[in-house]
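Ligands are counted one by one from 1 in listed order, and the atoms in each one are counted from 1 as well.
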Amino acid sequence: MKRDFIKTDVVIVGSGVAGLFAALCIPNHKEVLVITKEKLDECDSFLAQGGVCVLKDISDFSSFFEDTMKAGHFENDPEAVRVMIESSPEIIQTLVDLGVEFDTNVNGGYDYTREGAHRQNRILHHKDETGKEITENLLAIAMTRKNITFVTRTTMIDLIEKDNLCYGIVCEDEYGEMGAIIARDIILATGGIGGLFKNSTNFPHITGDAFALSLKHGVELKDMNYIQIHPTTLYSKSEGRRFLISESVRGEGAILLNENGERFTDELQPRDVVTNAIVEEMKKFGTDHIYLTLPNMTSEEAKKRFPNIFEECMAEGYDITKDKVPVTPAQHYMMGGVKTDINGATSMRHLYAVGETACNGVHGKNRLASNSLLESLVFAKRAADLISSDKEKKDGNIPPVDLDSYPEKSVREKEFRDLIMNEIKRKDEAFYAKWCNDES
Ligand code: SIN
């Protein structure tokens, strides 16, 4: 995009479920440009295994609400939780209408599964690849929309703003060429920060660019130290992306064992509680992993229900139904992020944040399993609806953009990383020392 200055109605940074659904919910008469850092299928939404929560029956409202609040240590925004749960049946119906398939049981009804801290089975799933099923469908439809254009392997490196009003973004393509995208509305959907961690379930290029730029430009952030460590990822000696062993495997009966082969915790407590129990056990035995096994299923059953996880474990030499599979906690999700209201609006005018990038308070201190895809969809739609209904004339005084003023990639990446890590450290030194420090 050599020295390009592109103009569009809406620019969306990120092509995960939140970015794609926002794009699809913007009316056809508006031009939408979606930029993504790598290839279109290299976003964390593709990796989501467990499923997507839904209010399957109104009688479940208060338990679903309480489970979400309790997992979040009651630090959640109750209004955001209410909106998410109440919107869930309509959102799921939209997905089904768009062609998304969820697994059914022998009676033809949905096969709701369960994960930690859910007192009811209320999670819809597509085998163990729910994120892939949803994202592929949304992507296929978005590709057919004439008003949506995709630009891949392109990274946002700055926000164009003046007087707390956002005019667009500066980005850099894979060849190091810079360009500016001027838009009426800008949606940040860059995911979380897993790429900044030694071990994470996220793709390595998911490095919290939206957070760094928010810090740089004074866009309000919230709860940047509320970072979820998933209890069970497949243990390997190498660092980098950890393969997730979905909590739904525990929901379907998997147990955790310590070095002595003993159970040591209730496997279906909230994620942070199970992670802490595992860390204690690893300390006790001086190990860097514990074990998971699924003794109540046959290999054939496990292969059918969890094909992806079964194969990945087999590739490492473990039959999950017979062997003890070594697992270890790893960074998984960002509950904090760019502070938004329940319509995705940030503290900067015309700048929105959705999905894992946004912090509207719905997850509190610790996200309830399988609320992430739901939250992304519900609040992405609300942001798109708000943008569509905003008829106010925007000030057209675009500030000058000097594309020669940006440092080279390695300098910029270090600057972004330092901004984010310092913020996490400032908010919670103990968490930083335990999980973020490269020396730890
Ligand atoms: C999992 O399947 O354990 C992860 C799903 C989620 O993050 O909610």
Side-chain angles (χ1 to χ4, degrees), residues 16-18 43-54 64 67-68 71-72 76 81 84-85 88 102-103 111-118 121-135 191-194 197 199-203 206 226-234 241-256 267-275 278 292 294 302 305-310 312-313 320 325 327-337 355-357 362-378:
V17 155
C43 59
D44 284 347
S45 300
F46 267 86
L47 305 174
Q49 296 178 350
V52 53
C53 296
V54 63
F64 189 174
D67 289 350
T68 301
N76 323 51
V81 178
M84 178 185 73
I85 296 175
S88 65
F102 295 110
D103 288 355
D111 178 41
Y112 295 100
T113 191
R114 189 173 166 205
E115 296 185 55
H118 284 272
N121 286 38
R122 60 169 79 92
I123 301 169
L124 289 166
H125 63 95
H126 181 97
K127 298 189 169 46
D128 56 357
E129 295 190 313
T130 314
K132 182 165 181 271
E133 170 70 10
I134 295 175
T135 322
I193 53 167
F197 282 69
N199 294 305
S200 170
T201 60
N202 298 182
F203 278 109
I206 306 296
Y226 287 0
I227 296 165
Q228 189 165 68
I229 309 295
H230 197 288
T232 53
T233 70
L234 189 56
R241 184 149 87 75
R242 292 262 190 225
F243 181 79
L244 189 71
I245 309 278
S246 172
E247 200 166 310
S248 54
V249 181
R250 279 176 276 132
E252 303 280 354
I255 53 171
L256 300 176
E267 289 83 357
L268 288 179
Q269 295 173 96
R271 267 183 202 166
D272 53 347
V273 180
V274 178
T275 293
I278 292 173
L292 177 147
L294 181 59
R305 173 63 183 84
F306 300 111
N308 184 33
I309 295 169
F310 187 83
E312 197 75 23
C313 291
I320 196 170
V325 180
V327 292
T328 192
Q331 192 280 345
H332 180 58
Y333 187 83
M334 180 64 158
M335 274 79 60
E356 196 175 344
T357 305
V362 74
H363 304 307
K365 194 174 180 182
N366 173 62
R367 175 172 61 77
L368 182 69
S370 285
N371 266 350
S372 60
L373 289 170
L374 176 61
E375 179 254 331
S376 290
L377 293 157
V378 167

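- Between Glu115, Gln49, Glu247, Arg271, it is Arg271 that holds the heavy atom closest to atom 6 (C) of ligand 1.
- In this structure, Arg122 pairs ionically with Asp67, as a charged nitrogen and a carboxylate oxygen lie closer than 4.0 Å.
- Protein heavy atom closest to atom 2 (O) of ligand 1, with residue, atom name and distance, is Ser246 OG, 2.6 Å.
- Asn366 and Gln228 are linked by a side-chain donor-acceptor pair at a separation below 3.5 angstrom, with hydrogens and angles left out of the test.
- Proximity of Ala369 to ligand 1 is established by a heavy-atom distance of less than 4.0 Å.
- Only the side chain of Leu244 comes within 4.0 Å of ligand 1, counting heavy atoms alone; its backbone N, CA, C and O stay farther away.
- Judged by distance alone, the side chain of Arg305 and the main-chain N or O of Lys127 form a donor-acceptor pair under 3.5 Å.
- Between Tyr226 and His363, the distance from one ring center to the other does not fall under 6.0 angstrom.
- Annotation for ligand 1: atoms under 4.0 Å from non-hydrogen atoms of Gly50 are 2 (O).
- Between Asn371 and ligand 1, a contact under 3.5 Å exists for no N or O pair.
- Judged purely by atom type and a 3.5 angstrom limit, Gln49 uses its side chain to pair as donor or acceptor with the backbone of Ser246.
- Of all atoms in ligand 1, numbered sequentially from 1 with element shown, those under 4.0 Å from a heavy atom of His332 are 4 (C), 6 (C), 7 (O).
- The ligand atoms of ligand 1 that sit less than 4.0 angstrom from a heavy atom of Ser370 are 6 (C), 8 (O).
- Taking every non-hydrogen atom of His230 and a distance limit under 4.0 Å, the qualifying atoms of ligand 1 come out as 1 (C), 3 (O), 4 (C).
- Between His332 and His230, the two ring planes are perpendicular [angle over 60°; tilted spans 30° to 60°].
- A donor-acceptor contact closer than 3.5 angstrom is absent between the side chains of Asn76 and Thr68.
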